[in-house]
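Remarks on the structure that follows.
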Amino acid sequence: MAKRSVGELTAEDLKGKKVFVRADLNVPLDENQNITDDTRIRAAVPTIKHLLSNGAKVILSSHLGRPKGVTPKYSLSPLVPRLSELLGIKVQKADDCIGPEVEKLVASLPDGSVLLLENVRFHKEEEKNEPEFAKKLASLADLFVNDAFGTAHRAHASTEGVTKFLKPSVAGFLLQKELDYLDGAVSNPKRPFAAIVGGSKVSSKIGVIESLLEKVDILLLGGGMIFTFYKAQGLSVGSSLVENDKLDLATSLLQKAKSKGVSLLLPTDVVIADKFAADADSKIVPSSAIPDGWMGLDIGPDSIKTFSDALDATKTVIWNGPMGVFEFDKFAVGTEAIAKKLAELSGKGVTTIIGGGDSVAAVEKVGVADKMSHISTGGGASLELLEGKELPGVVALDEAVPVAA
Ligand SMILES: Nc1ncnc2c1ncn2[C@@H]1O[C@H](COP(=O)(O)OP(=O)(O)OP(=O)(O)O)[C@@H](O)[C@H]1O
Ligand SMILES: O=C(O)[C@H](O)COP(=O)(O)O
């Protein structure tokens with residue numbers, strides 16, 4: 001069911017109103033507290049700007065990291081300058097997210113301004129979703145906007161709990177966009193629809209693969225998980241990453257693909273290494289000829305060609321997980337080739353969706369991020385959505401009002 005969107009709220013609904021906005025501003029910081037990737041801050045801006053331009057007072061909340069109690073290195077203070085710069089106003093910051101001091105700051109907020117609350121996870125009640133804590137957060141505002149897609153898979157006080165005390169509770173623009181692509185485009189894709197799934201282990205992608213097998217026409221598998229599939233087919237895998245307890249599962253996934261008429265492609269050649277290291281000796285071998293003592297760390301050139309050809313026929317592609325150990329330049333070729341291929345397909349009108357995690361890093365490394373139709377800001381959240389799970393932070397929001405026919 002579609003959710004009510006912040007876009008439906010106009011100046012009439014918003015002027016002078018205090019709006020509690022939950023965003024996912026969980027950005028990486030270096031040892032000097034400098035932001036090393038501001039994607040999530042930029043992604044939160046359209047919703048905040050919409051609220052400000054309609055005269056609302058924005059009370060902005062987020063977590064950062066996984067602190068246990070108040071931990072200065074997880075303060076949201078380092079985010080204030082960038083947030084202010086992107087919004088074009090001076091953002092105020094509170095030292096806590098509840099309590100009398102915060103209430104005072106909220107009471108003196110002018111229309112069209114932003115108060116950033118301190119890391120909501122400094123209170124253990126946040127992750128426990130304690131109603132009393134949610135009520136205190138909610139008491140700061142008149143209505144709720146959830147734009148924290150990256151945290152929508154968590155039923156926490158600031159994502160789910162507050163909806164019990166604030167009406168309306170609506171979806172922000174980012175949350176909406178993520179759902180449109182990761183749920184909408186994937187459930188109702190332009191076909192042929194292909195998924196590319198990589199990453200390290202098959203065990204962490206079982207849910208995604210099973211769910212995608214119900215929807216896709218083509219499934220391309222890469223990354224460390226392929227060796228479990230090879231072994232299940234009786235091939236030697238040398239010292240490659242293998243999950244011996246998942247061999248039956250790999251066989252059943254191959255059978256399921258067959259019975260569903262999904263074209264499941266495994267790499268036909270691999271780049272192997274004599275050790276797990278950036279400076280390892282490497283060579284390219286057919287998938288059926290991995291010698292003892294060698295491990296597969298990337299897909300080979302024939303596989304890149306086969307995968308690229310298969311992708312040429314598609315209208316929608318979703319990608320989750322790298323094709324190899326892309327952190328080592330020597331074994332990044334397969335992942336980078338897929339990133340470039342998707343950029344090329346985007347230019348031809350194919351919908352290309354990058355489902356979070358390491359594939360986002362790969363696309364950014366190759367410099368083609370701006371070419372993709374959609375890059376998810378959520379790792380765990382995008383994976384859960386692709387697995388077909390409901391996200392508590394989304395479920396709790398108001399339903400969209402059906403448009404009269
Ligand atoms: N052949 C391989 N052998 C061992 N590790 C591999 C291999 N191919 C890829 N990997 C590793 O898999 C890791 C990514 O796997 P993961 O399952 O975490 O992917 P992801 O879904 O993109 O990430 P996230 O879990 O953050 O969403 C990378 O660190 C990469 O080095
Ligand atoms: O980075 C993320 O995936 C989100 O911000 C959620 O963080 P969490 O896994 O600590 O809940």
Is [Y] close to [X] at the side-chain level, that is, under 4.5 Å between some pair of heavy atoms?
{"X": "Leu253", "Y": "Phe229", "value": "yes"}
{"X": "Val216", "Y": "Leu212", "value": "yes"}
{"X": "Val360", "Y": "Ile354", "value": "yes"}
{"X": "Leu60", "Y": "Leu25", "value": "yes"}
{"X": "Lys315", "Y": "Arg191", "value": "no"}
{"X": "Glu390", "Y": "Glu384", "value": "no"}
{"X": "Asp298", "Y": "Phe326", "value": "no"}
{"X": "Phe20", "Y": "Asp142", "value": "no"}

Between [X] and [Y], which heavy-atom pair has the shortest distance, and what is it?
{"X": "Thr251", "Y": "Ala232", "result": "OG1-CB, 3.5 Å"}
{"X": "Val197", "Y": "Leu219", "result": "CG2-CD1, 4.0 Å"}
{"X": "Leu213", "Y": "Ala257", "result": "CD2-CB, 3.8 Å"}

With rounding to the nearest 0.5 Å, note down the distance linking CD1 in Ile353 to CD1 in Ile318. 5.0 Å
Sort out for me which residue in Ser288, Ser287, Ser236 forms a side chain to side chain donor-acceptor pair (under 3.5 Å) with Tyr230. Ser287
Decide if atom [atom1] of [X] counts as having more than 12 heavy atoms of other residues, nucleotides or ligands within a radius under 6.0 Å.
{"X": "Lys365", "atom1": "NZ", "value": "yes"}
{"X": "Asn34", "atom1": "CG", "value": "yes"}
{"X": "Lys93", "atom1": "NZ", "value": "yes"}
{"X": "Lys136", "atom1": "NZ", "value": "no"}

Do Tyr74 and Phe122 have ring centres separated by under 6.0 Å? no
Salt-bridge contact [X]-[Y] (side-chain N to carboxylate O under 4.0 Å):
{"X": "Lys341", "Y": "Asp312", "value": "yes"}
{"X": "Lys256", "Y": "Glu214", "value": "yes"}
{"X": "Lys348", "Y": "Glu344", "value": "yes"}
{"X": "Asp13", "Y": "Lys17", "value": "no"}
{"X": "Glu399", "Y": "Lys3", "value": "yes"}
{"X": "Arg22", "Y": "Glu126", "value": "yes"}
{"X": "Asp398", "Y": "Lys167", "value": "yes"}

In terms of ring plane angle, is the pair Phe173 and His50 parallel, tilted or perpendicular, where the classes change at 30° and 60°? perpendicular
Begin from the C-alpha positions of Phe276 and Phe328 and carry the test ring pair (Phe, Tyr, Trp, His ring centres under 6.0 Å) through to its verdict. CA-CA 9 Å; Phe276 189 86; Phe328 300 156; 5.3 Å; yes
Say whether [X] and [Y], considering side chains only, have a donor N or O and an acceptor N or O under 3.5 Å apart.
{"X": "Lys57", "Y": "Ser113", "result": "no"}
{"X": "Asp147", "Y": "Thr47", "result": "yes"}
{"X": "Glu387", "Y": "Ser211", "result": "no"}
{"X": "Asp24", "Y": "Thr151", "result": "yes"}

Where do Ser376 and Glu178 land on the side-chain hydrogen bond (donor to acceptor under 3.5 Å, both in side chains) test, with the steps shown first? CA-CA 6 Å; Ser376 180; Glu178 295 270 13; 2.8 Å; yes
With side chain to side chain contact (heavy atoms under 4.5 Å, CB included) as the criterion, how do Val70 and His123 come out once you've worked through the C-alpha distance, each side chain's angles and the decisive distance to 0.1 Å? CA-CA 7 Å; Val70 178; His123 293 260; over 6 Å; no
Apply the test side-chain hydrogen bond (donor to acceptor under 3.5 Å, both in side chains) to residues Lys190 and Thr351: give CA-CA distance (whole Å), side-chain angles for both, the deciding distance (0.1 Å), then the verdict. CA-CA 8 Å; Lys190 286 182 277 167; Thr351 302; 3.2 Å; yes
